[in-house]
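Each remark here refers to the structure printed beneath this line.
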There are 2 protein chains.
Amino acid sequence: MTLTLQELGEQGLLQRLQAFCPSEIVGDDAAIVTVTPGKRLVVTTDLLVDHVHFSDRTTSPVDVGWRAAAANLSDLAAMGATPLGITVGLALPSTTSVAWVEALYQGLVDCLQSYQVPIVGGDVCRSSVTTIAITAYGEVQPDRVIYRSTAQAGDIILVTGVHGASRAGLELLLHPEQSQSLSIEEQTKFKQAHQRPVPRLDLVPSIGTSLAETGSEFWVAGMDSSDGLADAVLQLCRQSGVGARLERSQLPIPPGLHAWVGIDKAVEWTLYGGEDYELVLCLPPAPAQWLLNTLPGSIASVGVITASLGVLLVDSSGQYPTIELSLDRGFQHFS
Amino acid sequence: MTLTLQELGEQGLLQRLQAFCPSEIVGDDAAIVTVTPGKRLVVTTDLLVDHVHFSDRTTSPVDVGWRAAAANLSDLAAMGATPLGITVGLALPSTTSVAWVEALYQGLVDCLQSYQVPIVGGDVCRSSVTTIAITAYGEVQPDRVIYRSTAQAGDIILVTGVHGASRAGLELLLHPEQSQSLSIEEQTKFKQAHQRPVPRLDLVPSIGTSLAETGSEFWVAGMDSSDGLADAVLQLCRQSGVGARLERSQLPIPPGLHAWVGIDKAVEWTLYGGEDYELVLCLPPAPAQWLLNTLPGSIASVGVITASLGVLLVDSSGQYPTIELSLDRGFQHFS
């Protein structure tokens, strides 16, 4: 027999979940977190709803947990912050199995523990729809915050990793029969990108170093690409009052994707696929070049920020016409 | 025609909601909050689900917002903390009217603005069930944190305000026909207690003062009474490894309640009604007496902490037998 929440009750569930949290900081009305004096607190919050953000069809509870943690840590990385902790609110049907909830927590902890980030508290209640509310806390030096609104004409646009791999992984999970032309390695890589995205906290210190090494002032704009690469560039440009020119040949298309789905779909997924949780950064040429030289496999230039508005995808070879990107193609809720 | 979220879209809704937030701290991947150097960050998170925690039958959206903010600020007060900001996650059916969401935000802001607390960020997404996730941030001096686990035998148990008034207000809202024997003032007071509870942040500074004035060390245990007065005393005792003796004649029954519903129900609602968002504090006799003398209308003694386990409700007059209180009578989710 599967033990459900109805049988275990709220207190029983809370007791089980405390096994995933450091004992000294939970069990009170609120949790206590230490922020380094002089640093600013960074907070980000996300709601994940069953059948909107995840589904048992493509995502096991342990992966739902991992992805929820990764998305929030990615938001902290996008601000230049170091994580301090997360809180977890769960609204669950009373028929939910306790094993499902514990697997969700295991996924959260699996992702968090690489960064020594604790779950510092939470709330559970019943609902007819499984809903996960995560809030993540981090800290950052006040003069090292990465905003969306500070991109300037002439900045190089750098992206970490590849884009479109998560979308490709989703396709494989939904339609396993389409995998035939892919190697096992490619299949694993795409599915991993969807189920176990890695927030780019590892690259945050290098951004500061690139500026110090090139004698540049701190002058970085950026965000993460959770809603897609095109969305990130469009948001950065809108909030900074600038435009961008992206070079088609420099798009970070994952290896194997072009051969699998053709160039049109590969470009579409790279621009609009979403959920890659990479960083999109705008910074002056000298530190940008330093990063490109220092981290050649992890970071790539995709274009430049322009004074003229509009985000253009250009093809220097002349094979494809220039197109203007827009937000309409992105993921819209409430539709 | 009522404008719905489906028509407005996510971006349109976010733009409207930004009117309720300070412009300098929203619109990025995460929000930046300043914590006073040397103070600890305090975080608390709550999920509110339609038909579990609120209902259009008894609660307008503006009151839902107020209550959500008040519940979280009350958790901060219960830790001895001063609020810094909140984040708001909303999962909403696409048929929700924009006016409903704006009224919810208005209620949040109405409650928050008495304490100069900003909404620093949030998330919106669609769901079939309206769900509100609030996380509140506060700060506290490390040696002034109020925990649940530090009550000691001999402590006086103080409570702020009255208890059971919120439960009485709920009854009036559900059954307006039962209000006949109550004065208009009493009706208003009970309904107000349910719809517009006031977190007791106002009393937090007095706790520190009571200790300083009486030369006591900081030695206060406490929590808020969101799940009822009995629940608060039981939780404090369980986590501190002590017991308590509550005096029946000293229970903080709201004026008019006994005459309205009889003594048995009045005692039951006072002990188990919940949602009064008052503070339950355990501290040594000298500072407790100082608080009772200084704040005679706002704070009352209801009993003492005992070395022997168990929470007893005793009647010194001998009219009622001693009874032992238990958590079973309290509000259980997942049932």
Side-chain angles (χ1 to χ4, degrees), chain A residues 5-6 8-11 13 27-35 37-38 40-47 49 52-53 75-76 78-79 81 84-85 87-91 94 120-129 131 133 135 137-138 140 145 147-149 223-224 239 327 332-335, chain B residues 5-6 8-11 13 27-35 37-38 40-47 49 52-53 75-76 78-79 81 84-85 87-91 94 120-129 131 133 135 137-138 140 145 147-149 223-224 239 327 332-335:
Chain A
L5 297 190
Q6 187 154 28
L8 186 62
E10 186 190 356
Q11 291 303 322
L13 178 63
D28 227 299
D29 295 273
I32 304 287
V33 178
T34 304
V35 178
R40 291 284 188 282
L41 174 68
V42 180
V43 290
T44 177
T45 193
D46 252 337
L47 270 182
V49 177
V52 178
H53 300 93
D75 279 332
L76 294 180
M79 299 296 287
L84 295 170
T87 52
V88 183
L90 292 178
S94 56
V120 297
D123 187 22
V124 294
C125 65
R126 73 184 149 92
S127 173
S128 54
V129 179
T131 307
T135 304
Y137 319 94
V140 63
V145 181
Y147 293 106
R148 297 181 179 182
S149 56
M223 62 180 285
D224 78 346
Q239 294 198 30
L327 278 176
Q332 274 277 331
H333 299 281
F334 300 125
S335 54
Chain B
L5 297 189
Q6 187 154 30
L8 187 62
E10 185 190 358
Q11 291 303 321
L13 179 64
D28 226 300
D29 295 273
I32 304 287
V33 178
T34 304
V35 178
R40 291 285 188 281
L41 174 68
V42 180
V43 291
T44 177
T45 194
D46 252 337
L47 270 183
V49 177
V52 178
H53 300 93
D75 278 332
L76 295 181
M79 298 296 287
L84 295 170
T87 51
V88 183
L90 292 179
S94 56
V120 298
D123 188 22
V124 294
C125 66
R126 75 185 147 91
S127 174
S128 54
V129 178
T131 307
T135 305
Y137 318 95
V140 63
V145 181
Y147 293 106
R148 296 181 179 182
S149 56
M223 63 179 285
D224 78 346
Q239 295 199 30
L327 278 176
Q332 275 276 334
H333 298 283
F334 299 124
S335 55

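In the text below, chain A, chain B and the rest are named by the order of the sequence lines, each starting its count at 1. Only a predicted model underlies this, so the values are computations on that prediction, with no experimental measurement involved.
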Compare every heavy atom of [Y] with every heavy atom of [X], then report the nearest pair and how far apart it is.
| X | Y | answer |
| --- | --- | --- |
| B:G38 | A:P37 | N-CG, 4.2 Å |
| B:M79 | A:A30 | CE-O, 3.3 Å |
| A:G122 | B:T45 | CA-CG2, 3.6 Å |

* To do: Keeping the roles fixed (side chain from A:D123, backbone from B:L47), state whether a donor-acceptor pair exists under 3.5 Å.
  =>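 At least one qualifying donor-acceptor pair exists.
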* Side chain to side chain, B:R126 and A:V49, heavy atoms closer than 4.5 Å ->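 B:R126 vs A:V49: side chains apart.
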* Would you mind checking which part of A:V43 comes under 4.5 Å of any heavy atom in chain B, side chain (CB onward), backbone (N, CA, C, O), both or neither? =>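 Both backbone and side chain of A:V43 come within 4.5 Å of chain B.
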* Under a 4.5 Å heavy-atom cutoff, which of A:T131, A:V35, A:D46 has the most pairs with chain B? -> A:D46
* To do: Could you walk me through whether B:L41 and A:I32 pass the side-chain contact (heavy atoms from CB on, under 4.5 Å) test, one step at a time?
  => CA-CA 6 Å; B:L41 174 68; A:I32 304 287; over 6 Å; no
* To do: Before giving the answer on side-chain contact (heavy atoms from CB on, under 4.5 Å), spell out for A:Y137 and B:V33 the whole-Å C-alpha distance, their side-chain angles and the decisive distance to 0.1 Å.
  => CA-CA 10 Å; A:Y137 319 94; B:V33 178; over 6 Å; no
